[in-house]
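Since the structure comes first, as structure tokens, the remarks are kept for the end.
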Amino acid sequence: MEEIVVLIVGAGPSGLATSACLSVHSIPHIILEKEDIYASLWKKRAYDRLKLHLAKEFCSLPFKPHSPDSPTYIPKDMFVDYLDDYVKTFNIQPKYQRHVESASYDEADGKWRIEAKNVLTGGVEVYVAEFLVVASGENSGKYIPELPGLDSFSGETLHSSEYKSGAKYENKEVLVVGCGNSGMEIAYDLSNYGVQTAIVIRNPVHVVTKEIVRVGMIFSKYLPIFIVDIMAVLMSKILYGDLSKYGIRRPAKGPFYLKATAGRAPVIDVGTVAKIKSKEIKVN
């Protein structure tokens with residue numbers, strides 16, 4: 001059993017940032033990471049054309065701003081390099097392939113008891129910590145629903161986390177299920193490679209640009225969310241018009257309100273809407 005002041009679950013950007021902050025204040029801590037590498041979502045499960053959807057001023061980690069000459073919307077590989085440098089700068093050393101199985105708080109001792117399986121040895125490690133930080137991320141889960149006929153489908157089926165580039169599917173037919181940011185951008189990427197692309201859009205969704213989000217985030221520091229939402233929706237209407245005739249319905253609540261209260265991010269358009277309007281991408 002190992003005792004520590006702070007235990008962090010997850011070595012993604014949030015876990016790394018927490019570790020750096022603790023190190024600056026000389027607070028003993030450890031990070032448990034279930035994968036064999038930090039930032040595994042960025043290093044293993046991100047498609048090639050991915051860029052940060054938010055401007056760089058909103059995406060820097062503590063004590064290390066992005067360089068002034070870096071692009072406003074940083075590409076995946078450049079962001080990974082930034083994380084590599086961050087880990088080196090703060091000497092962050094996660095314990096890898098530790099899958100946290102349980103965490104319980106002892107009221108009498110005022111401490112957390114965390115049990116983690118060591119994937120390499122198969123044994124269970126026990127940690128005791130005064131504080132527990134869960135930094136496992138909101139986008140790390142891979143989920144494919146059980147759809148009738150999926151087992152007998154003769155074509156390839158993959159989750160968006162396994163997608164890299166549309167080059168593999170040139171001159172083929174691909175159906176993208178889901179209209180979140182990953183689904184919409186993957187559909188765009190496929191179409192750029194001459195793939196006959198269709199996308200399933202089931203739920204209402206806000207469609208905005210990176211610039212609209214950037215303006216909204218700046219104004220949200222000074223104005224109530226409902227006013228920022230009015231501005232964002234108005235800009236979206238001016239830019240895109242009525243998208244309902246293309247199968248894209250707008251939610252009743254505003255984009256920033258939904259993100260803050262339900263964790264539902266708006267779709268940041270990278271060119272998909274234009275392809276939907278021109279029927280290069282079909283909506284099912």
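Reckoned from all heavy atoms, side chains included, excluding hydrogens, waters and symmetry mates. Numbering starts at 1 and runs along the sequence shown.
In the hydrophobic clustering (ILVMFWY side chains linked at under 4.5 Å, chained through shared members), Leu147 is joined by Ile144, Leu150. When hydrophobic side chains of Ile, Leu, Val, Met, Phe, Trp and Tyr are connected at separations under 4.5 Å, Val233 ends up as a singleton with no cluster partners. Grouped with Tyr105 in one hydrophobic cluster are Ile4, Leu7, Val9, Ile30, Leu32, Val100, Trp112, Ile114, Tyr127, Leu132, Val134, the linkage being side-chain heavy-atom contacts under 4.5 Å among Ile, Leu, Val, Met, Phe, Trp and Tyr residues. Residue Val124 shares its hydrophobic cluster (ILVMFWY side chains chained together at separations under 4.5 Å) with no other residue.
Residues passing the side-chain contact (heavy atoms from CB on, under 4.5 Å) test with Phe79, sequence neighbours excluded: Pro13, Trp42, Leu52, His66, Ile74, Tyr82, Leu83. Checked against side-chain contact (heavy atoms from CB on, under 4.5 Å), Leu234 has the following partners two or more places apart in sequence or in another chain: Ile238. In this structure Gln196 satisfies the side-chain contact (heavy atoms from CB on, under 4.5 Å) test together with Glu173, sequence neighbours excluded. Every residue two or more places apart in sequence or in another chain was checked for a side chain to side chain donor-acceptor pair (under 3.5 Å) with Lys210, and none qualifies. By the side chain to side chain donor-acceptor pair (under 3.5 Å) test, Asn91 is found to be paired with Gln93, residues two or more places apart in sequence or in another chain being considered.
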Please report, to 0.1 Å, the donor-acceptor pairs under 3.5 Å made by any side chain of residues 175-184, with sequence neighbours excluded.
from: Asn181; atom 1: OD1; to: Ile268; atom 2: N; distance (Å): 2.7
from: Asn181; atom 1: ND2; to: Pro266; atom 2: O; distance (Å): 3.0

Under 3.5 Å, which donor-acceptor pairs do the side chains of residues 220-231 form with other protein atoms, sequence neighbours left out?
from: Ser220; atom 1: OG; to: Gly216; atom 2: O; distance (Å): 3.4
from: Ser220; atom 1: OG; to: Met217; atom 2: O; distance (Å): 2.7
from: Asp229; atom 1: OD1; to: Phe256; atom 2: N; distance (Å): 2.7
from: Asp229; atom 1: OD2; to: Tyr257; atom 2: N; distance (Å): 3.1

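Within the structure, side-chain hydrogen bond (donor to acceptor under 3.5 Å, both in side chains) contacts touching residues 238-247 (residues at least two apart or in different chains) are Tyr240-Asp269, Asp242-Ser244.
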